[in-house]
There are 2 protein chains.
Amino acid sequence: MPTTNLDETARQILAAASRRFLHYGYKKTTMSEIADDCNMSSGNLYRYFPSKLDIAEMFVRVLRGEQVDNLRTVLDAPGRSPAQKVRDFFLLKFKLAYERFHDKPKAFELSSELILERPKVALEWENAEGRVLGEILSEGNADGSFAIDDVPAITKILQNAAYRFTSPALFHESGDEVLAAELNGVIDLVLDGFAWRSAHGEQGKTASLGSRS
Amino acid sequence: MPTTNLDETARQILAAASRRFLHYGYKKTTMSEIADDCNMSSGNLYRYFPSKLDIAEMFVRVLRGEQVDNLRTVLDAPGRSPAQKVRDFFLLKFKLAYERFHDKPKAFELSSELILERPKVALEWENAEGRVLGEILSEGNADGSFAIDDVPAITKILQNAAYRFTSPALFHESGDEVLAAELNGVIDLVLDGFAWRSAHGEQGKTASLGSRS
DNA sequence: AGCCTGACTAATATATAAACTGTTCAATCG
DNA sequence: CGATTGAACAGTTTATATATTAGTCAGGCT
């Protein structure tokens, strides 16, 4: 959790802001309200955070920390093969995104607003999750399930392939189960790709069936 | 082209409307302006189209027709294997979307506005493109490159896996070449998945390396 | 008759004024 | 003297009034 770096007062401010962000959204909570909740003046908030947007950024960093911690449990699941963990990772990520979108809509709205002003936060989020996924892939390399030479590159490819199921744009279109089934279809296919590569090696350099241009 | 069904006058209206949609966008072109361009009264437009939104829908249908015709050329490319055609299909689709996003922004804006009111149009678009992709897959089945038992299902999976490169949400983040390279990475992997399946059969039923649950 | 017009209306959009909010900082407090 | 305040300012949001537009229809034109 990134909050451990924070002053006690800063944590209090963040907690008060988080409550209001979740209930009323970012734009509808005012600095004065946050200050009132903390029994201080609005001006004093600026001794602890440079701006309102920075409070929101810290709020999102906490959300991200929780989500990454959650995804990291996939790594330690006993009796699961690396390939199964790849599937677990994306299904859990989808489930977490889907649930947050539906029962914490204000948090989602806040993330979107923040990312418009601070795109770097989205990249950091993706990278943090990518690190977990990369560990799964490395584990597969170690036990011989996979034969991936460039783990970060393949991590990015997997994130790209699963993008549709991690962005809330389509959470309206279909239900939980339909989307999860489609995600499973994508994962089936990329895992078969891994299987092929681990049997034949040399991935990426020559595209097996359909060489480029 | 869907315009062949149309009355001569309707075509004239659609042409005038299209010019203004492309130049000024949907909301900034008025029915009176379209009528003036056609030397008729605004009321008369409603003899040919039920509403302004229906003119926009027809405009988007024409766009879609052009795009699908364009993608269909991939099917007839000589000397390309089915796997290469899968790659050609998605790279061309990406290029068309990327270019239209950048040099016909008003058309993109119009598509977005329309799809909010007429989501069915987006589904029809995806299905129309899916039919072309499905023909490529069937061709691969016929010549032995692929061994796909449920072509429509795999078509959907491929569209899902490539979604990130067909939705304009990320066209801001990276340049042309970076995105195309990432798309190629995804295609490499799914084609390797096809290679594995064509060598082993039984795709979908048992997920090769990482069986479900 | 069949096609077309253009004034009319309800609804939407734009422009303008009023209120509010993020942020600063000179003054106050402990 | 460091920590805190709250009035002041600039920028933005909201509320209100004005104007425009999508869509209708009773009549006119050919």
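By convention in this document, chain letters (A, B, ...) are assigned in the order of the sequence lines, proteins followed by strands, and residues within each chain are numbered from 1.
- Panel note: side chain A:Q84, backbone A:S81; a donor-acceptor pair is recorded below 3.5 Å.
- Sorted by first and then second residue, the pairs that involve residues 38-53 of chain B and meet side-chain hydrogen bond (donor to acceptor under 3.5 Å, both in side chains), not counting sequence neighbours, are B:S51-B:D54.
- The side-chain hydrogen bond (donor to acceptor under 3.5 Å, both in side chains) analysis of residues 16-34 of chain B, with sequence neighbours excluded, yields the pairs B:R20-B:D37.
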Check: residues 104-112 of chain B side-chain donor-acceptor pairs under 3.5 Å, at least two apart:
| unit_1 | atom_1 | unit_2 | atom_2 | d |
| --- | --- | --- | --- | --- |
| B:S111 | OG | B:A107 | O | 3.1 |
| B:S112 | OG | B:F108 | O | 3.0 |

For nucleotides 18-28 of chain C, list the nitrogen or oxygen atoms of the protein found under 3.5 Å from its nitrogen or oxygen atoms, one pair per line.
| unit_1 | atom_1 | unit_2 | atom_2 | d |
| --- | --- | --- | --- | --- |
| C:dG22 | OP1 | A:T29 | O | 3.4 |
| C:dG22 | OP1 | A:K52 | NZ | 2.8 |
| C:dG22 | OP2 | A:M31 | N | 2.8 |
| C:dT23 | OP2 | A:Y46 | OH | 2.8 |
| C:dT23 | OP2 | A:K52 | N | 2.8 |
| C:dT23 | O5' | A:Y46 | OH | 3.3 |

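- Side chain of A:Y98 to main chain of A:D176: a donor-acceptor pair is present (N/O by atom type, distance under 3.5 Å, no hydrogens or angles).
- Contact check for B:R118 versus B:L53: side-chain heavy atoms found under the 4.5 Å cut-off.
- Close approach of DNA chain D to chain A, defined as any atom under 4.0 Å from a non-hydrogen atom of the protein, starts and stops at D:dA3 to D:dG6.
- In this structure, A:D192 contributes its side chain and B:R197 its backbone to no donor-acceptor pair below 3.5 Å.
- The 5' end of DNA chain D is approached more closely, in terms of each residue's nearest nucleotide, by A:M40 than by the other of A:K28 and A:M40.
- Among the atoms of the strands shown, none is found under 4.0 Å from any heavy atom of A:F49.
- By the side-chain hydrogen bond (donor to acceptor under 3.5 Å, both in side chains) test, B:Q159 pairs with no residue at all, sequence neighbours left out.
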